[in-house]
> 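Take this structure, written in structure tokens, and hold onto it; I'll ask about it next.
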Amino acid sequence: MKNISNIFWRTLFVLFICKLTFASKQDQFLSNNVDSRSFSLNNVKTENKNGTTSYIFNGSDSYIELGEQFDNTFSFCAWIKPANLLKKNMAIVGIPGAFWLRTTTNRELQFTQPGFRDDNTEGLLLSANNWIFVSFVIDFPSVKIYLNSELVVTYQWGRDKQAWQNKVLIGKDNWREDFYGSMQNIKIFNKAIDQATITKLFEKQPYAKSITHGIVSYHSFNTIKDYFSLSDDYEAFNVNFLKDSVRGDVADFNGKDSYIDYGDLPIDNAITISAWVKQNEFNRDYGAIAALGHAYALRITTGGALLFTIPQMADILDNDARIAHNTWQHVAVTFKEQYGATFYLNGEKTNFFKADEYQPVSKTLQVGTNLWNDFYKGQMDDLVIWNKLLTNEELKEVFEKESSFWMAHIKTKKQKPFGLYMLIGLLLILGYVFYSRRNIHGVVDDPIETDPFEQKIREIVIQNLSDSKFSVNEFSKAMHMSKTKLYNEIKISVNKSPKAYIREIRILEAARLLKETNVPITEVIFETGFESRAYFNKCFKKTFNLTPSEYRKKST
């Protein structure tokens with residue numbers, strides 16, 4: 001009976017995976033005399049969310065191979081989200097020996113004819129960790145590149161045409177400069193598509209029109225926990241949540257020691273910050289609405305004007321965007337490298353200032369304070385931050401939206417239950433794992449080996465456990481990675497930021513010591529690298545819903 005049951009589960013599992021794989025291929029690749037079933041995934045992970053499949057490339061040995069031959073015409077469209085633009089050139093798509101479309105370390109696109117020449121889209125800047133729609137069309141001898149459906153550059157083929165006899169590779173090239181990041185809605189054509197077709201493909205995607213696309217942090221300020229953020233490192237300090245006659249539930253900052261820390265956010269060279277504010281006092285130091293480490297800070301001056309600061313580089317002041325005392329007003333700013341800063345007050349653009357400055361540094365978001373401890377004093381509501389530039393029309397729309405809109409389109413979207421197929425799939429997978437790990441006597445086999453990357457990061461944290469100064473900087477050095485790469489790798493592997501992962505290992509090791517030893521709690525705190533008992537107690541209770549003392553008593 002067990003063997004029959006085992007075979008049943010295995011069969012259902014295989015059939016389900018085949019169905020998902022075939023559906024995924026049909027959905028993602030638009031066929032036009034190209035057999036959409038003739039491609040293979042090589043070490044490319046897939047992630048399905050909201051009915052859309054993301055293909056995740058690891059930057060070293062993952063690629064998609066399309067087993068077709070092309071001649072004279074070739075078109076490629078995809079949403080791409082590169083993760084390590086500054087580290088190395090990365091291949092998007094190409095045919096070995098014929099051509100490649102790549103990203104470069106100066107965040108441009110590059111059209112390469114191997115052994116002949118490279119053509120860059122000079123001045124065009126991509127953003128890491130941000131979706132962008134790329135289209136690449138060859139109608140020999142013309143080569144065109146589009147971004148978000150807009151024609152960026154046209155090249156002419158630079159040498160005699162050679163037959164394209166090799167397979168199409170997506171995410172890989174001849175020089176191991178492979179793609180690291182994600183792609184969605186990949187389309188391949190063996191004809192030259194026009195701009196009207198590209199525009200239609202672009203506008204079909206939710207990224208093209210939704211003002212909720214690109215949000216990395218949102219807080220309704222209804223309660224301390226009512227927020228959305230791509231970081232797991234949320235902490236609030238001395239912030240009160242109260243009722244306001246105009247805005248309902250809001251956050252109140254005391255101007256002295258109250259602020260919120262959201263941890264590191266994946267923002268590159270473009271940002272939009274939006275918030276409702278009611279400043280109580282102007283006769284003090286500049287009040288910080290939101291600040292991202294050494295990168296940016298949106299502040300209100302002692303005279304009530306908006307000020308956007310790039311630390312140690314520039315202060316961009318808009319005297320036309322002045323906040324009225326003790327009155328609710330909507331403020332916003334957009335900034336993009338090599339473009340500048342645009343200010344908005346109550347949905348209307350006030351000024352644009354050209355600014356080339358930009359610092360590619362850690363972007364730890366703090367609300368209510370900044371590097372200089374310029375604490376904000378007053379109330380705040382509906383803070384939204386995007387890792388992209390919003391248009392005038394979009395910011396007018398943001399101004400008109402109510403809290404209920406953001407809650408419905410951001411938070412509840414994250415909390416929707418699995419679809420029917422995903423639920424069935426999860427049950428089948430669990431059944432398959434359960435039965436496949438039993439032998440004929442019903443004994444569970446040895447556990448599946450831990451992922452090598454997870455083993456490595458855990459070993460490094462354990463080795464530095466008692467060092468309270470062990471930070472993300474030291475973590476990235478120990479892993480021989482940049483902080484950005486470490487963030488992305490750990491996020492993909494364990495779905496946590498490096499800072500949150502370090503804290504989790506500290507807490508779990510502390511719980512083990514409390515359960516298995518009689519070591520005093522003060523020594524446990526020291527051995528696990530916590531700087532204070534108050535912070536340790538706070539983190540421990542948040543994890544286990546018990547104080548350390550209660551946990552030890554319950555475990556004995």
> Is Arg458 atom CZ crowded by more than 12 heavy atoms from other residues, nucleotides or ligands, each under 6.0 Å away?
no

> Is it true that Phe202 and Trp79 have ring centroids separated by less than 6.0 Å?
yes

> Ring centroids only, cut at 6.0 angstrom: are Phe57 and Tyr180 within range, meaning strictly under it?
no

> Do Tyr259 and Phe253 make the cut of ring centroids closer than 6.0 angstrom?
no

> Do NZ/NE/NH1/NH2 and the carboxylate oxygens of Glu397 and Lys401 come within less than 4.0 Å?
yes

> Does some side-chain heavy atom of Trp406 sit less than 4.5 Å from a side-chain heavy atom of Ile211?
yes

> Could you work out, with side chain to side chain contact (heavy atoms under 4.5 Å, CB included) as the rule, every residue matching Asn370, not counting sequence neighbours?
Ala288, Ala291, Arg299, Trp372, Asp374

> For the aromatic rings, using the six-membered ring if either is Trp, is the centroid distance between Phe399 and Trp276 under 6.0 Å?
yes

> Answer yes if the ring centres of Tyr339 and Phe352 are under 6.0 angstrom apart, and no otherwise.
yes

> Please say which of Ile56, Ile80, Val44 ends up in a side chain to side chain contact (heavy atoms under 4.5 Å, CB included) with Ser182.
Ile56

> Is it the case that over 12 heavy atoms from other parts of the model lie below 6.0 angstrom from the CZ atom of Phe526?
no

> Could you check whether any side-chain heavy atom of Val250 comes within less than 4.5 Å of a side-chain heavy atom of Asp252, counting everything from C-beta outward?
no

> Apply the side chain to side chain contact (heavy atoms under 4.5 Å, CB included) test between Phe221 and each candidate in Asp249, Leu383, Val239; give the one that qualifies.
Leu383

> Under 3.5 Å, is there a donor-acceptor pair between the Gln184 and Ser54 side chains?
yes

> For residues 544-551, run the donor-acceptor check on the side chains, cut-off 3.5 Å, and write out each pair with its distance to 0.1 Å, sequence neighbours left out.
{"residue": "Thr547", "atom": "OG1", "partner": "Glu550", "partner atom": "N", "Å": "3.1"}
{"residue": "Thr547", "atom": "OG1", "partner": "Glu550", "partner atom": "OE1", "Å": "3.3"}
{"residue": "Glu550", "atom": "OE1", "partner": "Thr547", "partner atom": "N", "Å": "2.9"}

> Would you find more than 12 non-hydrogen atoms of other residues, nucleotides or ligands less than 6.0 Å from Glu400 atom CD?
yes

> Check this for me: does any side-chain nitrogen of one of Asp244 and Lys278 sit under 4.0 Å from a carboxylate oxygen of the other?
yes

> Is Asn238 reaching over with its side chain to a backbone N or O of Asp257, donor-acceptor style, under 3.5 angstrom?
yes

> At what distance, to the nearest 0.5 angstrom, does CG of Asp382 lie from CE of Met407?
9.0 Å

> For atom NZ of Lys88, is the number of surrounding heavy atoms from other residues, nucleotides or ligands below 6.0 Å larger than 12?
yes

> In this structure, are over 12 heavy atoms from other groups packed under 6.0 Å from Lys477 atom NZ?
no

